[in-house]
Amino acid sequence: MDAPYAKVEQLEPGVARVLAHNPSAFTYYGTQTYLLGERKVAIVDPGPDLPEHLDALIAAIAGREVVAIMCTHTHRDHSPAARPLSQRTAAPIIGCAPLALETVGPRADASFDGDYAPDRVLADGENLEIDDKPAVAVATPGHTSNHLCFAYRAALFSGDHVMGWSTTVVVPPDGDMAAYMESLDKLRQRDDRIYYPAHGEPVGNPQQYVRHLMGHRMQRERQILKLVEEHPRAIPDIVANAYPGLDPRLVTAAGGSVLAHLLDLQRRGLVQQQGDAWTTA
Ligand SMILES: [Zn+2]
């Protein structure tokens with residue numbers, strides 16, 4: 001694919017980007033790792049542990065001090081390069097909490113990086129100094145329970161919570177639709193100038209885009225509710241009706257997203273489950 005793999009793109013003063021070579025139906029062209037700061041730098045979402053990507057990051061760092069390696073969450077396309085990069089730069093790993101199989105059991109599936117071990121976890125609102133300016137952690141659970149965005153110089157590094165190319169995958173048990181909607185509403189109330197997502201192009205009209213995403217999910221919820229009102233339906237039946245012409249590689253994810261909506265509707269007393277079928281409560 002024709003994409004700027006292993007190249008440094010300077011997006012604005014103090015913000016540079018390096019694209020990792022891990023394209024897929026879930027990652028678009030791949031994971032975008034950001035370098036924040038000028039004299040000193042921090043790395044956001046180091047990405048997959050690929051030698052070519054690590055070498056490109058070392059070249060982009062260009063001998064500057066790395067004050068932190070920060071992960072938005074611990075999916076395998078985001079955090080595995082944190083440890084080898086820390087070994088090569090002596091920088092601490094600071095950011096989201098770990099989500100390991102031993103601690104949360106079935107909530108962490110195969111897409112999680114069980115080796116992620118941060119030196120310091122940032123709580124919501126906590127600050128970290130990068131090149132004399134604060135980076136602030138913004139807790140945004142939903143895509144995963146441990147997801148953080150990072151605000152720096154009026155830009156928001158939005159990870160997988162808000163992406164520039166596709167809606168976010170929210171799949172139970174770790175993904176939670178109600179938490180995701182609350183995290184969108186949290187961003188809607190902020191006044192960030194631009195979002196830099198881990199996948200896809202920057203979002204230059206963030207508040208408008210977040211309102212659009214919230215509307216999209218509410219529309220999907222109404223559609224699912226209408227389908228189960230007609231007659232009891234199993235999830236594959238809902239997916240076939242709600243996502244006509246869906247890329248076959250995304251059918252499982254769409255089923256997970258429908259389940260996330262159904263669990264949220266069930267919590268609110270609007271639907272109930274009978275065997276494999278869902279019906280109105
Ligand atoms: Zn992810």
Side-chain angles (χ1 to χ4, degrees), residues 17-34 43-50 53 69-83 85 93 95-101 103-104 106-118 121-122 137-150 156-184 186-187 195-203 209-210 213 216-217 247 249-260:
R17 176 174 76 180
V18 179
L19 175 66
H21 198 276
N22 60 333
S24 79
F26 294 97
T27 61
Y28 197 43
Y29 286 96
T31 304
Q32 300 175 123
T33 300
Y34 292 98
I43 308 297
V44 171
D45 280 342
D49 184 4
L50 300 173
H53 186 57
I69 298 164
M70 305 161 81
C71 298
T72 60
H73 63 299
T74 48
H75 275 153
R76 300 199 60 83
D77 56 321
H78 290 259
S79 55
R83 188 52 57 189
L85 190 62
I93 300 169
C96 71
L99 189 62
L101 275 164
T103 52
V104 293
R107 276 174 45 192
D109 62 24
S111 61
F112 278 90
D113 170 16
D115 296 328
Y116 172 74
V121 171
L122 293 179
V138 182
T140 42
H143 172 64
T144 60
S145 58
N146 63 351
H147 196 288
L148 297 178
C149 295
F150 301 111
L156 189 80
F157 294 82
S158 58
D160 282 5
H161 177 51
V162 174
M163 301 193 285
W165 73 291
S166 161
T167 55
T168 294
V169 172
V170 178
V171 174
D174 192 55
D176 183 304
M177 192 58 73
Y180 169 73
M181 289 295 279
E182 270 173 46
S183 294
L184 284 180
K186 186 176 191 174
L187 294 201
Y195 292 172
Y196 291 113
H199 310 280
E201 284 309 303
V203 177
Y209 188 58
V210 166
L213 291 176
H216 169 77
R217 295 291 173 155
D247 179 340
R249 294 174 301 171
L250 298 178
V251 166
T252 305
S257 182
V258 167
L259 175 61

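Remember, predicted model here, so these are calculated numbers, not experimental data. Whatever order the structure lists ligands and atoms in, that order sets their numbers, starting from 1.
Here the protein contributes His73 NE2, His75 ND1, His143 NE2, Asp160 OD2 as N, O or S atoms under 2.8 Å from the Zn ion (ligand 1).
Among residues two or more places apart in sequence or in another chain, the ring pair (Phe, Tyr, Trp, His ring centres under 6.0 Å) test is passed with His147 by His73. The ring pair (Phe, Tyr, Trp, His ring centres under 6.0 Å) search around Phe157 returns Tyr34, Tyr196, not counting sequence neighbours.
Formation of a donor-acceptor pair under 3.5 Å by the His199 side chain with backbone atoms of Gln32 is not found in this model. At distances below 3.5 Å, at least one donor-acceptor pair connects side-chain atoms of Arg83 with backbone N or O atoms of Ala117. In this structure, the side chain of Ser145 does not engage the main chain of Asp174 through any donor-acceptor pair within 3.5 Å.
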Would you tabulate the side-chain donor-acceptor contacts of residues 162-173 under 3.5 Å, counting partners in other chains and residues two or more places apart, or write 'none'?
from	atom 1	to	atom 2	distance (Å)
Thr168	OG1	Asp160	O	2.7
Thr168	OG1	His161	O	2.9

